[in-house]
**Q** 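My structure is below; once you've seen it, I'll send some questions.
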Amino acid sequence: MTGLVLTDVSMRFDLPNGTFVQALENVSLDMKAGELLSVLGPSGCGKTTLLNIVAGFLAQTSGKIELNGHEIHGPDAERGMVFQKGALFEWMSVRENVGFGPSMKGMPRGEKTEKVDHLLDIVGLQDFKEKAVYELSGGMQQRVALARCLANEPDVILMDEPLGALDALTREKMQSLVLKLWKETGKTIILITHSVEEALLLGERLIVMAPRPGRIHKEYRLPFAELGVGADLREVKKHAEFGPRREEILAMIWDMEEEIMGRTENAS
Amino acid sequence: MTGLFVLFIYVGIFVGSFFVVTKVVQKATPQDYTSLKTVTFGDESAVRPNRFAGVLSILTLFVIWGMFTGSSLLPRFLHAPAPFVGTTEFTYTAEADGSQDDGTVTVVVYPREVETDAPEVDPGDGFAKNDSAAIAQWRTGLIRVDSNDEIGRGDGATVVAINGTPIAPGETVQVDNGAVTLSDKGTPNFAPYRGWQMEPLYLPPPEEVWKRTMNVISDGFRNFTLWQHLGYSLFRVIAGFLLGALVGIPLGYAMGLSNWFRGWFDPIVEFMRPVPPLALIPLVIIWFGIGEVGKIILLFLAALWIMAIAARSGVSGVNISKVHAAYSLGASKWQIMRHVIVPNSLPEIFTGARVAMGVCWGTVVAAELVAAEQGAGMMIMVASRFQNTDIVILGIILIGIIGFGIDMLMRQAEKWLVPWKGKA
């Protein structure tokens with residue numbers, strides 16, 4: 001059985017003053033291999049906690065997570081991660097960054113070089129492979145991060161707002177790149193984002209999470225990711241269903257944010 | 001007094017050259033981008049050291065040094081007034097039994113290196129005979145004017161005037177090229193005019209220091225050549241620093257990676273960090289004596305805590321995303337240590353190493369001042385005991401140059417080895 005299955009995953013942080021925060025409550029999710037899921041939600045809804053649990057950086061307090069039939073424990077090369085920023089190794093060139101995973105596994109040099117070259121071609125950084133990563137622009141750095149993750153051939157790619165720090169134009173180009181990579185590699189991808197448009201464009205499935213306790217509020221299946229592969233994303237946004245969906249989800253998140261604000265104001 | 005005068009000259013050159021350079025010289029030079037910025041006051045990036053000011057600053061120090069030591073490198077008119085050298089005269093009036101008589105005193109003030117005797121003078125008329133005296137430059141001298149007089153002090157004669165000006169014991173009269181003070185017992189004390197210059201004993205002119213430098217280079221100092229003295233100091237610093245780094249860096253890593261190590265060593269490191277290494281010198285001497293072992297242990301202790309803290313903060317400074325990313329890419333703990341934590345902490349370690357080398361250099365000089373057979377600090381300490389001010393100055397300059405050189409080398413190594421510093 002392939003795919004990623006989360007069954008009743010809960011996460012509870014006990015605070016020193018005796019109270020606790022229920023960051024996640026009974027989150028269940030069933031992802032087939034090759035699915036692209038985007039996760040939206042107001043701040044504090046546990047999106048990042050969920051991703052960290054799936055990555056293996058945190059242990060859930062209850063529930064279980066299975067990947068391809070086995071339960072996960074701790075971080076592993078089968079689950080790759082792309083961070084918003086700051087996760088590249090400044091002391092390595094672009095080539096060495098992308099080749100990091102294969103090097104750690106002890107892949108033979110020739111095979112590694114071939115793989116790195118291939119990936120740099122895909123993300124369009126062939127001319128920059130000997131550069132230091134701090135010499136690249138933010139968009140290029142995220143391409144390196146994507147290539148580095150892919151070089152390791154993970155089954156699942158976890159993306160924590162990977163495009164959040166980029167300017168609007170670069171972001172659009174990178175969204176196309178993410179779709180292209182998803183289609184070409186057939187990886188299972190979980191993408192966390194703050195941008196409703198991005199979630200709609202990239203998510204074949206989309207879940208909206210609600211805060212306190214963090215849980216799945218609503219789930220959608222969307223056609224836009226399929227339409228967007230190899231197409232102009234601005235055309236996809238003109239799709240008749242796109243506008244209404246965006247408004248619906250925005251309103252949903254707005255309501256949650258307002259509820260949180262109200263609760264804090266009442267409390268104080 | 002002279003100090004104030006020096007300060008005025010210094011400020012004068014500072015302000016004067018500022019106007020000359022900015023209003024005249026730099027008006028003629030081409031402009032660059034920064035010169036087009038209108039807001040420069042408060043914009044740190046627009047403040048760059050003025051090259052003219054840098055050169056003039058050094059030059060000014062040497063010129064003032066030369067002015068107030070009568071350096072032969074400077075034209076005479078730039079010298080501060082020199083102390084009197086040569087022959088001068090004053091007259092004294094002696095009174096005995098109600099009658100007065102004048103005598104002339106001829107004084108030869110001779111440079112210290114040319115020992116000169118008092119000249120022969122014609123005794124002259126009256127009961128007060130003419131006298132002569134020889135006084136070394138920078139010195140004063142009591143002149144027993146009555147010793148050859150017909151009626152001496154013992155017979156009731158007293159000096160009542162100098163150059164016709166009445167004088168009593170304890171009073172001073174200005175005469176040509178100096179001043180005469182009557183001592184309590186009534187003997188004139190002649191103080192030649194001192195001028196504004198520093199006595200070579202306190203501050204030799206630059207060329208004397210240079211000459212002495214050449215001298216020490218060729219003949220050495222206290223059984224060791226100059227290079228051996230400096231080499232010993234450097235050797236101690238490098239040995240102590242390397243030992244400190246060798247122990248301190250792994251200790252810092254352990255403190256950054258393990259609760260137990262952090263808990264165990266935090267109190268020790270936090271306590272030892274603020275203890276100045278100089279305060280350890282007495283204990284180190286009691287335990288290890290004044291030989292090499294004691295000095296290297298002292299420098300080891302000076303470098304140890306700095307390097308441990310640098311390595312510790314290098315480890316805690318690693319962005320957790322990098323560590324997470326490395327785990328997700330399949331790295332083992334050892335691989336994360338080798339490929340993430342160590343390279344990530346190198347910039348911090350280099351900063352620590354620069355600080356540690358600076359502290360070690362200062363500490364070694366201080367330790368040598370206290371007790372040593374050889375070394376830069378020992379050289380200046382021994383020289384000062386024998387009033388070889390030129391060697392003291394030479395030593396201070398060399399210590400400064402070496403300290404600066406060490407820092408430059410460390411910075412260069414940093415640029416070369418950790419080019420990603422500050423780029424994350």
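Source: prediction; values computed, not measured. So you know, we letter chains A, B, ... as the sequences are listed, proteins then strands, and number each from 1.
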**Q** Which heavy-atom pair separates A:Phe89 from B:Ala326 by the least distance, and what is that distance?
**A**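 Closest pair (atom of A:Phe89, atom of B:Ala326, distance): CZ-CB, 4.0 Å.
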**Q** First locate atom CG of A:Asn97, then atom CG of B:Leu329, and finally report the distance between them rounded to the nearest 0.5 Å.
**A**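 Answer for the CG-CG pair, A:Asn97 versus B:Leu329, is 9.5 Å.
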**Q** At what distance, to the nearest 0.5 angstrom, does CG of A:Leu158 lie from OG of B:Ser328?
**A**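 One finds 7.5 Å between CG of A:Leu158 and OG of B:Ser328.
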**Q** How long is the gap from CE on A:Met81 to OG on B:Ser321, to the nearest 0.5 Å?
**A**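 Answer for the CE-OG pair, A:Met81 versus B:Ser321, is 8.0 Å.
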**Q** Could you tell me which portion of A:Asn152 (side chain, backbone, both or neither) has an atom closer than 4.5 angstrom to a non-hydrogen atom of chain B?
**A**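 The side chain, not the backbone.
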**Q** Without swapping roles, check the side chain of A:Glu90 against the backbone of B:Trp420 for a donor-acceptor pair under 3.5 Å.
**A**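 Here the side-chain-to-backbone pair does not exist.
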**Q** Please say whether more than 12 non-hydrogen atoms of neighbouring residues, nucleotides or ligands are located less than 6.0 Å from CD in A:Glu114.
**A**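 No - once you tally the heavy atoms of other residues, nucleotides and ligands closer than 6.0 Å, there are 12 at most.
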**Q** Can you confirm whether B:Lys415 is buried at NZ, in the sense that more than 12 heavy atoms of other residues, nucleotides or ligands lie under 6.0 Å from that atom?
**A**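 Not more than 12 within 6.0 Å, no.
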**Q** For the residue pair A:Trp91 and B:Val340, establish whether any side-chain heavy-atom pair is separated by less than 4.5 Å.
**A**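 Yes, side chains in contact.
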**Q** Side chain, backbone, both or neither: which part of A:Leu88 has a heavy atom under 4.5 Å from chain B?
**A**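 Contact with chain B: backbone only.
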**Q** Got a second to check how far B:Ser332's OG is from A:Lys105's NZ, nearest 0.5 Å?
**A**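 With rounding to 0.5 Å, OG (B:Ser332) is 13.5 Å from NZ (A:Lys105).
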**Q** Would you say that more than 12 heavy atoms from the other residues, nucleotides or ligands in this model lie under 6.0 Å from the CZ of A:Phe57, or not?
**A**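 Yes.
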**Q** Using heavy atoms and a sub-4.5 Å threshold, report which of residues 231-257 of chain B line up against chain A, by residue number.
**A**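 Against chain A, none of the residues of residues 231-257 of chain B fall inside the cut-off of heavy atoms under 4.5 Å.
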**Q** Within a reach of under 6.0 Å around CG of A:Asp14, are more than 12 heavy atoms found that belong to other residues, nucleotides or ligands?
**A**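 Enclosed.
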**Q** Only pairs of heavy atoms separated by less than 4.5 Å count here; which of A:Gly101, A:Ser103, A:Ala87 has the most with chain B?
**A**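 Ranked by contacts with chain B, first place is A:Ala87.
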**Q** Can you tell me how far the OH atom of B:Tyr327 sits from the CZ atom of A:Arg79, to the nearest 0.5 Å?
**A**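 Between B:Tyr327 OH and A:Arg79 CZ, I get 14.0 Å after rounding to 0.5 Å.
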**Q** Please state whether the rings of B:His339 and A:Phe100 are parallel, tilted or perpendicular, taking 30° and 60° as the class boundaries.
**A**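 The arrangement is perpendicular - the two ring planes meet at more than 60°.
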**Q** Using the test side-chain contact (heavy atoms from CB on, under 4.5 Å), find all partners of A:Lys64 that sit at least two apart in sequence or belong to another chain.
**A**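 A:Lys64: side-chain contact (heavy atoms from CB on, under 4.5 Å) contacts with A:Thr7, A:Glu66, A:Glu71.
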